[in-house]
Amino acid sequence: MPAVRPCLRLLATLFMLLGWGAVVAAPAKGQVALVVGIGAYQNAPALPNPPRDARAVADSLKKLGFQVELAVDPDKTRLEQAVKRFGDQLQGAKVGLFFYAGHGLQVSGRNYLVPADAKIENERSLPFAAVDADLVLTQMETSTPVSLIFLDACRDNPFSRSLARSMGTRSAAVGRGLAQIAAGEGSLIVFATQPGNVAEDGQTDHSPFTEALLKNLAAPGLEVRQMLTRVRQQVKEQTNGKQIPWDHSSLTQDFYFIGPTTVVVQSPAAPAVQPPPVAGVDPMAVQLSLWESVRTSQDPADFEDYLKQYPDGKFAAVARRRLAALKSASQKERQPVRQESQSARSEPPVERQPALPPVAVPDKQTGFDVMMQGTATNLTVGTTAQVQFQLRRFGTGVTAAIRVFPPLFATGVLQGQYQEGQCMMQGWMNEGFLLKMVGACSASGFSGQYQAESPGLVQQGIFRLHSRTSN
């Protein structure tokens, strides 16, 4: 990585995801990240951890809503091509993030990333064998308002030692570890250890730095610089003070991987006239989203659903007028049938058979078993997924089998209670998160708010499902 150079605007906008197993962010306009891990070196001993580090970081970023490109063990050509694509994707993005794990070296104050096929025999071969970190930094210089760079590349480096031997009396130009980089405006540059020091590769599946980063990346309510304070402390403890992560910041705004969130657990026994607002989400944004999904509908049940959840809502008066109009139109459509029946009564009476005793018709509201489909919108990262839902009601109890389609591929079983037209349910999904759903439910549909919880991560959104038979 380059030394003190203001032109440092590292790539940092590829994290993607849905939230749960894969929350998708808006391509090239949200959060974009390039994640690189190199361990299979052809001309030096292999490093076992960087590929594992990169894969784990990429997975975490996807779940946090980043659009991620992962490059594992690239040669120089592939690495340069990945950087070029990253630069293209950064245009118009809000956040750019670059993570690198592998060998890096500094020569004369400049930092270099070492690809898998690097063969560094002398100083002249360096620009042809390694990638100048400035190539990455210049891609981010004017592309995004927030640029985040994580460099886990300060390992004891055989390339540095061989290069120093080839340079003879100029060997002092080959520095230990990486050189410090001055962050340009809107940038945060994070080193696995202090400038000029060497970081550990780690005795577990991850390096000490990446392991601490993964533990804290999805901690809700931590601004990125607060998060790094935790990382620094944990790495210091794990390495007995030998390694202390270092950063240089010129951020001009706060950045949260997960915004401040408080989890609210609703008591199933509490009356539910309308779903309680989920903490961390603007209730008006939820109401607006629901209204937008029903306002052009021709189905009276849609407006009844809205009024059940928001009887005094911003659009309640409009919803009532629309509901009345739809019901009136439905009655007019049935009017000719009534006229025909009246003319039929004017004809001579027909001899009637004795009336049969009335047959008891079961109350459909006491139970139903209905297959539904619709959408779930993740308000935390602004993405939508398709959902299939089989809802069963038996008295005051409800159960459901839920399936979420690409990009999530999540399935689960929920249980809960039915009360006054409201269903309150929760259950575990196969992706390992707890899903809670609250909203208006009937045999024709189920709509409301959801919350997905996994360790260190809470995401909220709205859902809207319709019976397949009513579509």
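None of the values given here were measured: they were computed from a predicted structure.
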Where do V36 and A54 come nearest, in terms of heavy atoms and distance?
C-CB, 3.8 Å
Heavy atoms of other groups near R232 CZ, more than 12 under 6.0 Å:
yes
May I ask you to test the W246-I189 pair for a side-chain heavy-atom distance under 4.5 Å?
no
Using a 4.5 Å cut-off on heavy atoms from C-beta on, say whether the side chain of F99 contacts that of L148.
no
Could you check if a side-chain atom of F209 sits within less than 4.5 angstrom of a side-chain atom of F191, using non-hydrogen atoms only?
no
Are L465 and Q388 close enough that some pair of their side-chain heavy atoms sits under 4.5 Å apart?
no
Roughly how far apart are L135 CG and Y112 OH, rounded to 0.5 Å?
11.5 Å
Step by step, would you call I402 with M429 a side chain to side chain contact (heavy atoms under 4.5 Å, CB included)?
CA-CA 9 Å; I402 181 171; M429 304 294 285; 3.7 Å; yes
Evaluate side chain to side chain contact (heavy atoms under 4.5 Å, CB included) for V438 paired with K436, printing each intermediate quantity in order.
CA-CA 7 Å; V438 179; K436 300 178 181 180; 5.7 Å; no
Determine whether a donor-acceptor pair (N or O, by modelled atom type, separation under 3.5 Å) exists between the side chain of Q459 and the backbone of K63.
yes
Once the angle between the rings of F98 and Y100 is folded into 0 to 90°, is it parallel (under 30°), tilted (30 to 60°) or perpendicular (over 60°)?
parallel
Please evaluate residues D73 and R78 with respect to the criterion salt bridge (Lys or Arg N to Asp or Glu O under 4.0 Å), reporting the C-alpha separation (whole Å), side-chain torsions for both, the decisive distance (0.1 Å), and the verdict.
CA-CA 9 Å; D73 294 327; R78 283 179 53 215; over 6 Å; no
Salt-bridge criterion met for D247 and R225 (N-O under 4.0 Å):
no
Would you sort out whether V224 and M227 count as a side chain to side chain contact (heavy atoms under 4.5 Å, CB included), showing the intermediate values?
CA-CA 5 Å; V224 64; M227 182 269 287; 4.0 Å; yes
I'd like to know whether H206 forms a side chain to side chain donor-acceptor pair (under 3.5 Å) with D53, so could you lay out the CA-CA distance, the side-chain angles of the two residues, the decisive distance to 0.1 Å, and finally the verdict.
CA-CA 6 Å; H206 299 295; D53 292 342; 2.8 Å; yes
Minimum heavy-atom distance A212-V235, with the two atoms named
CB-CG2, 3.8 Å
Contact check, side chains of L214 and V57, non-hydrogen atoms, under 4.5 Å
yes
Does the side chain of L47 reach to within under 4.5 Å of the side chain of I38, using non-hydrogen atoms?
no
Heavy-atom closest pair (D205 atom, N49 atom, distance to 0.1 Å) is O-OD1, 2.9 Å
Where is the tightest heavy-atom contact between A116 and A40, given as atom of each residue plus distance?
CB-O, 3.6 Å
Quick check on Q415: does its CD atom have over 12 non-hydrogen neighbours (other residues, nucleotides or ligands) under 6.0 Å away?
no
When rounded to the nearest 0.5 angstrom, what distance separates OH in Y418 from OG1 in T399?
14.5 Å
Look at the aromatic rings of H103 and Y41 and report parallel, tilted or perpendicular, splitting at 30° and 60°.
tilted
Distance, nearest 0.5 Å, that separates CD of Q91 from CD of Q139
8.0 Å
Rounded to the nearest 0.5 Å, how far does CG of L188 lie from OG of S147?
9.5 Å
Which atom pair, heavy atoms only, marks the closest approach of G448 to Q309?
CA-OE1, 3.5 Å
Keeping E223 on the side-chain end and F255 on the backbone end, is there a donor-acceptor pair under 3.5 Å?
yes
Interatomic distance, CD@Q89 vs NZ@K84, rounded to 0.5 Å, equals 10.5 Å
Run V370 and F446 through side chain to side chain contact (heavy atoms under 4.5 Å, CB included) and show every step you take.
CA-CA 10 Å; V370 57; F446 185 22; over 6 Å; no
Under 3.5 Å donor-acceptor, E80 side chain and V131 backbone:
no
Are any non-hydrogen side-chain atoms of F463 and V387 less than 4.5 angstrom apart?
no
Value rounded to 0.5 Å, distance of CE in M372 from CZ in R464:
11.0 Å
Nearest atoms (heavy-atom pairs only) where D117 meets N43:
O-ND2, 3.7 Å
Decide yes or no for T375 and Q386: does some side-chain heavy atom of the first lie under 4.5 Å from some side-chain heavy atom of the second?
yes
Go through the steps to decide whether T377 and T384 satisfy the test side chain to side chain donor-acceptor pair (under 3.5 Å), and finish with yes or no.
CA-CA 4 Å; T377 299; T384 298; 3.1 Å; yes
Hey, is NZ on K76 packed in by over 12 heavy atoms from elsewhere, all under 6.0 Å?
yes
